[in-house]
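Here the structure comes first, spelled out in structure tokens, and everything after it is commentary.
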Amino acid sequence: QRLPPDMAAALAVLDAPDRPWLPGQQQADCQAQLQGLLPQSVASLMFCRRVPGTERYNTVLLGDSHAVSLYPGLVQALAGSPWQAEHMGFALAAPLWGLVAGGPDPATDEWIGIRRAGNEAIRRHVLATPGLHTVILDARWPAYLHGVGFGEADAQVRGSVYSDLPGVPADNALLFEAALRNTLGQLSAAGRQVVFVFDAPELGFAAPSCLPARPWSWRAQAARTPCAIARQDYEARSQAYRALVNRVLADFPQVLPVD
């Protein structure tokens with residue numbers, strides 16, 4: 001079935017081959033900035049996006065795969081302005097310095113070391129780059145606080161978070177709060193303007209299920225109705241992390257929250 005014209009136009013923008021947010025676009029240029037801070041084998045696993053032809057950036061979006069969705073709109077919104085944004089991050093890696101996510105056994109999860117090295121390289125880049133004055137933080141925050149997936153799509157997902165900060169008990173909420181305070185403290189001390197984004201709601205189901213199956217599909221499939229989650233489910237999922245973040249932000253009034 002054909003998509004509505006407005007949806008087709010939006011997807012055409014996102015799929016244009018010269019767009020910097022697509023995988024493979026400008027990755028070499030972005031990773032070159034991190035040479036000496038991160039092994040190349042690890043750098044190739046990063047989200048690392050820049051706008052072609054831009055040499056200097058004054059804004060950086062830090063975050064996991066959820067932050068990826070913000071970058072196209074951010075680039076378009078800043079087009080023609082003095083602001084230029086890059087995006088750096090890792091999948092399943094919150095942009096919180098001192099916190100790393102992984103499986104239940106850190107001794108056998110090589111991704112813990114990869115994410116730790118990546119976050120450290122990004123931290124050094126952000127704090128040491130002249131002219132980089134605005135840092136936007138976005139991630140799938142509830143996942144790192146709860147350690148479990150959401151909805152039918154990833155109901156079986158389980159994970160753990162670990163801390164590199166001394167003296168923090170092995171409790172997800174305490175680890176999350178300590179890492180958030182550590183990150184905001186370092187950025188504020190370096191004179192960076194921080195924007196904290198309360199992430200968009202997790203769907204908990206596959207977005208394509210909202211579209212009817214193609215006519216030539218082997219299996220008839222009606223479109224999901226409604227294409228939404230219940231508000232009470234979202235509030236139950238997000239209440240704890242939002243309360244924690246708001247408590248921390250009260251001690252950092254210079255941080256700009258975006259909700």
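Here, residue 1 is the first one in the sequence, and each next residue gets the next number.
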Would you mind reporting whether Ile229 and Pro201 have side-chain heavy atoms less than 4.5 Å apart?
yes
Donor-acceptor check, side chain of Thr59 to backbone of Thr134, threshold 3.5 angstrom: yes or no?
no
Under 3.5 Å donor-acceptor, Arg140 side chain and Glu202 backbone
no
With a 4.5 Å cut-off on side-chain heavy-atom distances among I, L, V, M, F, W and Y, is there a chain of contacts connecting Val126 to Val100?
no
Tell me, do Phe196 and Val258 make a side-chain contact under 4.5 Å, heavy atoms counted?
no
Joint cluster assignment, Ile112 & Val168, ILVMFWY side-chain distance < 4.5 Å:
no
Say you draw a straight line from NE2 of His146 to OH of Tyr241; how long is it, rounded to the nearest 0.5 Å?
9.5 Å
Rounded distance [0.5 Å steps], CG in Asn182 versus CD in Glu177:
12.5 Å
For Asn119 and Leu99, which heavy atoms make the closest approach, and how far apart are they?
ND2-O, 3.9 Å
Establish, from distance only, whether the side-chain atoms of Glu120 and His125 form a donor-acceptor pair under 3.5 Å.
no
For Leu165 against Gly98, the heavy-atom pair lying closest together:
CG-CA, 4.0 Å
Strictly distance-based, threshold 3.5 Å: is any side-chain N or O of Arg224 a donor or acceptor partner for the main-chain N or O of Phe205?
no
Quick check: do Leu187 and Val255 have side-chain heavy atoms less than 4.5 Å from each other?
no
Contact between Trp141 and Val197 at the side-chain level, heavy atoms closer than 4.5 Å - yes or no?
no
Do Gln254 and Ser188 have side-chain atoms, one donor and one acceptor, less than 3.5 Å apart?
yes
Quick one: are Arg181 and Asp251 in side-chain contact, heavy atoms under 4.5 Å?
yes
Would you kindly confirm whether Tyr162 and Leu174 end up in one hydrophobic cluster when ILVMFWY residues are joined by side chain heavy atoms under 4.5 Å apart?
no
Non-hydrogen side-chain atoms of Asn172 and Phe176 separated by less than 4.5 Å
no
Separation of Leu180 CG from Leu249 CG (nearest 0.5 Å)
6.5 Å
Just so I know, are the side chains of Leu137 and Leu184 near enough to count as touching, which here means a heavy-atom distance under 4.5 Å?
yes
For Leu175 and Ser163 the tightest heavy-atom approach is CD2-CB, 3.1 Å
From Gln186 CD over to Leu127 CG, what is the distance, rounded to the nearest 0.5 angstrom?
6.0 Å
Counting distance only, does the side-chain N/O of Arg115 pair as donor-acceptor with the main-chain N or O of Ala101 below 3.5 Å?
yes
Let me confirm one number: the OH-CG distance from Tyr57 to Leu78, rounded to the nearest 0.5 Å.
11.5 Å
If only atom types and distance count, is the side chain of Asn246 paired as donor or acceptor with the main-chain N or O of Arg242 below 3.5 Å?
yes
Run the side-chain contact (heavy atoms from CB on, under 4.5 Å) test on Val245 and Phe198 for me, step by step, so that the C-alpha distance in whole Å, both residues' side-chain angles and the decisive distance to 0.1 Å come before the verdict.
CA-CA 9 Å; Val245 170; Phe198 287 89; 3.7 Å; yes
Looking only at non-hydrogen atoms, find the nearest pair between Ala128 and Arg192 and report the distance.
N-NH2, 4.2 Å
Answer yes or no: is there a side-chain heavy-atom contact under 4.5 Å between Val135 and Val195?
no
Ring-plane angle category for Trp83 and His133, please: parallel below 30°, perpendicular beyond 60°, tilted otherwise.
perpendicular
What one should report as the nearest heavy-atom pair of Ala67 and His87 is CB-NE2, 3.9 Å
Roughly how far, to the nearest 0.5 Å, is the CD atom of Glu86 from the CG atom of Leu61?
9.5 Å
Indicate whether the side chain of Tyr144 and that of Asp64 have a donor and an acceptor atom separated by less than 3.5 Å.
yes
Which atom names give the shortest non-hydrogen contact between Asp138 and Asp199, and what distance separates them?
OD1-OD1, 2.9 Å
